[in-house]
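What follows is one structure encoded as structure tokens, with my remarks underneath.
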Amino acid sequence: MNLEPRHATVVVIGAGQAGLSAAYHLQRRGFTSALDDPAAPRTFVVLDAASAPGGAWQHRWPSLTMATVNGIFDLPGVPRPPVDDREASRDSVPRYFAAYEQALALPILRPVRVSAVRRAASGFVIEATTGAWMADYVVNATGTWDNPVRPAYPGKDTFLGRQLHTRQYRSLDEFAGQRIAIVGGGISAVQQLEEISRIATTFWYTRREPVFLDGPFMPETTGRATIQKVVADVEAGRPTGSVVGYTGLGWTPYARAAKARGALERRPMFTAIEPHGVREADGTFTPVDAILWATGFKASLGHLDPLGLRNELGGITMRGTQPLAEPRLHLIGFGPSQSTVGANRAGRAAVGAIVRDLQRADAATGVADASEAGPDAARGSAQRVSGAGSGRGDRRLRLASESHGTAVSAAYPMMDDRERGDR
């Protein structure tokens, strides 16, 4: 472990979709590796808690295939290669992320878990398992996977059966022939309900009546309205709600299959848990063998607690990617940027804000702006992922890169409570 703190102009925490987007744009704007050239004027490093590339995708359950997940947007500058829709997302997406990291030679350290970010005389000190870092700016992209919501419930500790959270789910086979209570009204809950109901007796519980969309999710209408609602909440400092609280549920193939099987019959939340089952809202008792808490995730921001970002409502007041309480910090993959396309755009926006701040500082001191020399810094490496070269391939890469910052909500797909865990 390094005893003396190392320094980077920007420390990115997390290497999921949002973190890789930020790293791409930092490299593109001329920031160099704090690992290879620590004395350079503008440097960056990415600290990732995972032991391998792939963000939270590497932890998904095997039956979550590429055909099942809600739209995954390409990483900036490099389109995903063709994939088999039948392949598990836990294999396909990490493979793409790994190739991307390698081709761009991104300065990523893993596994490195950040325990705290604190203000320093100039910037921040980042306390991590492999030693401390000093940084002028921090881009936080830690997602939600490490912060599952596990509701407290009367009698929960007395239950003699199995209790697990969505993040622990692996296969429907482990529930064959059992009676399973599934709690939660999100996308993962509906998918796991459909799967488990094939071989078990299921009971579906939600706090509120689920709202299914009457028609398809339309990026130009539903998507824009969703983003506006989330932006309004974070700008007002309100804690953001669940994903489906903003979007509603779509009539996906698995939702239709669950309905056809009779499994999509929602019950109001039980009032208590007893050793062998649950006490229903009407006072009757339902015996169950297991309780699956498909209750989603919240932003994993405990390491930022020393900064005192939260207000009296428990939310973080934001403008763009910056908390009002600390503008040198950027939160991406948070609030309105929880989807994969939103994470991409937030990464670009955060880097743009950092560069503008540095340009103002340079102008005040008469220092030449190094970032203007770097727009093509990532291009050569990125071409190795997509196979692009000169001519048409180079033009495709250029157009793909340019398109990531335009029409903020023009192609915004439905946010997914699973995606909330991979930034």
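Only this structure's heavy atoms are used, side chains among them; waters, hydrogens and symmetry mates stay out.
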* Under-4.0 Å salt bridge between D146 and R113 -> yes

* **Sidechain-backbone polar pair: Q27 side chain, Y24 backbone, donor-acceptor under 3.5 Å** => no

* Centroid-to-centroid, H165 to F297, below 6.0 Å? -> yes

* To do: Kindly give the heavy-atom pair with the smallest separation between L309 and A325, and that separation in Å.
  => CD2-CB, 4.2 Å

* Is D74 reaching over with its side chain to a backbone N or O of R80, donor-acceptor style, under 3.5 angstrom? -> yes

* E265 bridged to K259 by N-O distance under 4.0 Å -> no

* Sub-4.5 Å side-chain heavy-atom contact between R167 and H59 -> no

* Partners meeting salt bridge (charged side-chain N to carboxylate O under 4.0 Å, His left out) with E326 (sequence neighbours left out) -> R119, R328

* **Shortest non-hydrogen separation from I182 to L193 and the atoms involved** => CD1-CA, 3.5 Å

* Structure fact -> Note: K156 and P151 closest approach over all heavy atoms is NZ-O, 2.8 Å

* **Short side-chain to backbone donor-acceptor contact, W204 and G184, under 3.5 Å** => yes

* To do: Would you check if W57 and P94 make a side-chain contact, meaning some heavy-atom pair closer than 4.5 Å?
  => yes

* **Heavy-atom donor-acceptor pair, S92 side chain to S89 backbone, under 3.5 Å** => no

* Identify the two heavy atoms, one from L264 and one from A255, that lie closest to each other, and give their separation to 0.1 Å. => CD2-O, 3.7 Å

* Asked: If we only count heavy atoms from C-beta on, is the I332 to V139 side-chain gap below 4.5 Å?
  -> yes

* Asked: Would you call D305 and R118 a salt bridge, taking side-chain N to carboxylate O under 4.0 Å as the test?
  -> no

* To do: Working to the nearest 0.5 Å, report the span between CG of L301 and CZ of R310.
  => 5.5 Å

* Atom OH in Y169, atom OG in S171: separation rounded to 0.5 Å? -> 6.0 Å

* Restricting to pairs with a member in residues 43-52, which pass side chain to side chain donor-acceptor pair (under 3.5 Å), not counting sequence neighbours? -> D48-R110

* Asked: So, the side chain of E87 versus the backbone of D84: is there a donor-acceptor pair under 3.5 Å, distance only?
  -> no

* To do: Name the orientation class of the two ring planes belonging to F203 and Y205 (parallel below 30°, tilted from 30 to 60°, perpendicular beyond 60°).
  => tilted

* Asked: Should K298 and T144 count as side-chain neighbours, where that means a heavy-atom distance under 4.5 Å?
  -> no

* Verdict with reasoning, L329 to F124, per side-chain contact (heavy atoms from CB on, under 4.5 Å) -> CA-CA 9 Å; L329 170 70; F124 303 95; 4.3 Å; yes

* What residues, two or more places apart in sequence or in another chain, satisfy side-chain hydrogen bond (donor to acceptor under 3.5 Å, both in side chains) together with T206? -> R266

* Contact summary for A15 and F97, nearest pair of heavy atoms -> O-CD2, 4.3 Å

* **P76 backbone acceptor or donor facing Y100 side chain under 3.5 Å** => yes

* Asked: Take atom CG in D85; do more than 12 heavy atoms of anything else shown fall under 6.0 Å from it?
  -> yes

* Quick one: OG on S188 to CH2 on W61, what's the gap to the nearest 0.5 Å? -> 3.5 Å

* Is there side-chain contact between W133 and L47, with at least one heavy-atom pair below 4.5 Å? -> yes

* What's the spacing between L20 CG and H25 NE2 if we round to 0.5 Å? -> 11.0 Å

* **Option passing side chain to side chain contact (heavy atoms under 4.5 Å, CB included) with V11 (candidates V117, D136, V46, I126)** => I126

* To do: Might you work through the side-chain contact (heavy atoms from CB on, under 4.5 Å) test for Q17 and N344, ending with a clear yes or no?
  => CA-CA 7 Å; Q17 185 98 15; N344 277 0; 3.1 Å; yes

* **R6 and L35, any side-chain heavy atoms less than 4.5 Å apart** => yes

* Which distance, rounded to the nearest 0.5 Å, do you find between the CD of E195 and the CG of L172? -> 6.0 Å

* Is a side-chain N or O of N311 found less than 3.5 angstrom from the main chain of G237, in a donor-acceptor match? -> yes

* To do: State, yes or no, whether a side-chain contact exists between F159 and I291 at a heavy-atom distance under 4.5 Å.
  => yes

* Between the side chain of N140 and the main-chain N/O of I13, is any donor-acceptor distance below 3.5 Å? -> no

* CA sep, side-chain torsions, deciding dist, call: R150, T295, side-chain contact (heavy atoms from CB on, under 4.5 Å) -> CA-CA 7 Å; R150 301 177 185 271; T295 42; 5.8 Å; no

* Short question: side chain of Y96, backbone of L75 - any donor-acceptor pair under 3.5 Å? -> yes

* Walk me through it: do L213 and W251 pass the test side-chain contact (heavy atoms from CB on, under 4.5 Å)? => CA-CA 7 Å; L213 298 172; W251 281 110; 5.7 Å; no

* Verify whether the ring centers belonging to Y153 and F270 lie closer than 6.0 Å. => yes

* Nearest non-hydrogen partners of S21 and R348, listed with the distance -> OG-N, 3.9 Å

* To do: Mark yes or no for whether Q322, through its side chain, and P327, through its backbone, hold a donor-acceptor pair below 3.5 Å.
  => yes

* Answer whether the closest heavy-atom distance between the side chains of S115 and T129 falls below 4.5 Å. => no

* Find the distance between CG (D173) and CD1 (I196) and round it off to the nearest 0.5 Å. => 10.5 Å

